[in-house]
Amino acid sequence: MPNILLPNKHVRTKESLLAQSAGILETMRPRSSVAQAWSACKQKYPEYSYPRFVLAMDTLMALGLIEFDGEVLMKLDSYAP
């Protein structure tokens, strides 16, 4: 089974979870609801599925780039656009 997280000779960069997470992070406002973040993601990347979006959110949280506060997703200061 190919690694879906990082690009390699079988997974293109744009198909890797890491690259998709970065793209989603760029579409997010500094503070937004999950629904708003999903809507922005679907407008820019209509090929992404909701489960993939959730994996990207998990990745961004694990990297310390976003935080979930109640019902609000927030970009953290460690992210400098």
Side-chain angles (χ1 to χ4, degrees):
M1 176 178 194
N3 181 349
I4 62 168
L5 300 178
L6 300 171
N8 61 34
K9 69 180 186 177
H10 302 290
V11 177
R12 295 181 184 159
T13 300
K14 70 178 185 174
E15 295 169 350
S16 70
L17 183 58
L18 194 59
Q20 291 175 352
S21 297
I24 290 170
L25 184 62
E26 289 179 354
T27 67
M28 289 176 60
R29 294 185 206 157
R31 294 176 59 90
S32 63
S33 69
V34 174
Q36 290 169 332
W38 171 237
S39 178
C41 173
K42 283 306 283 181
Q43 285 181 353
K44 187 165 183 176
Y45 304 106
E47 68 277 12
Y48 291 4
S49 66
Y50 189 74
R52 191 68 170 185
F53 171 78
V54 172
L55 281 173
M57 292 292 103
D58 287 344
T59 300
L60 293 171
M61 289 178 86
L63 293 171
L65 298 174
I66 64 170
E67 185 175 83
F68 194 67
D69 182 26
E71 295 185 16
V72 178
L73 287 171
M74 297 184 304
K75 288 184 182 179
L76 299 179
D77 291 338
S78 60
Y79 173 72

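Basis for what follows: all heavy atoms, side chains included, without hydrogens, waters or symmetry-related copies.
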Exercise. Rounded to the nearest 0.5 Å, how far does OG1 of T59 lie from CZ of R52?
Worked result: 8.5 Å
For this session: Working to the nearest 0.5 Å, report the span between CD of E67 and CZ of R31.
Result: 10.0 Å
Exercise. Can you name the residues that form a side-chain contact (heavy atoms from CB on, under 4.5 Å) with T27, not counting sequence neighbours?
Worked result: I24, A40, K44, Y45
For this session: Determine which pairs satisfy ring-ring contact (aromatic ring centres under 6.0 Å, His included) with at least one residue from residues 12-44, sequence neighbours left out, and list them in order.
Result: W38-Y50, W38-F53
Exercise. What closest approach, in Å, do Q36 and S32 show between heavy atoms, and which atom pair accounts for it?
Worked result: OE1-CA, 3.3 Å
For this session: Could you tell me the separation between the CD atom of E26 and the SG atom of C41, rounded to the nearest 0.5 Å?
Result: 12.0 Å
For this session: Treat each ILVMFWY residue as a node, draw an edge where side-chain heavy atoms are under 4.5 Å apart, and state whether L65 and V72 are in one component.
Result: no
Exercise. Would one find more than 12 heavy atoms of other residues, nucleotides or ligands at under 6.0 Å from atom CD of E47?
Worked result: yes
Exercise. For F68 and M61, which heavy atoms make the closest approach, and how far apart are they?
Worked result: CB-CE, 3.7 Å
For this session: Nearest 0.5 Å please: distance from the CG atom of D58 over to the CG atom of L17.
Result: 9.0 Å
Seminar exercise, completed: Here the gap from M28 atom CE to L73 atom CG, rounded to the nearest 0.5 Å, amounts to 4.5 Å
Exercise. Does M74 belong to the same Ile/Leu/Val/Met/Phe/Trp/Tyr cluster as V54, with side-chain heavy atoms less than 4.5 Å apart forming each link?
Worked result: no
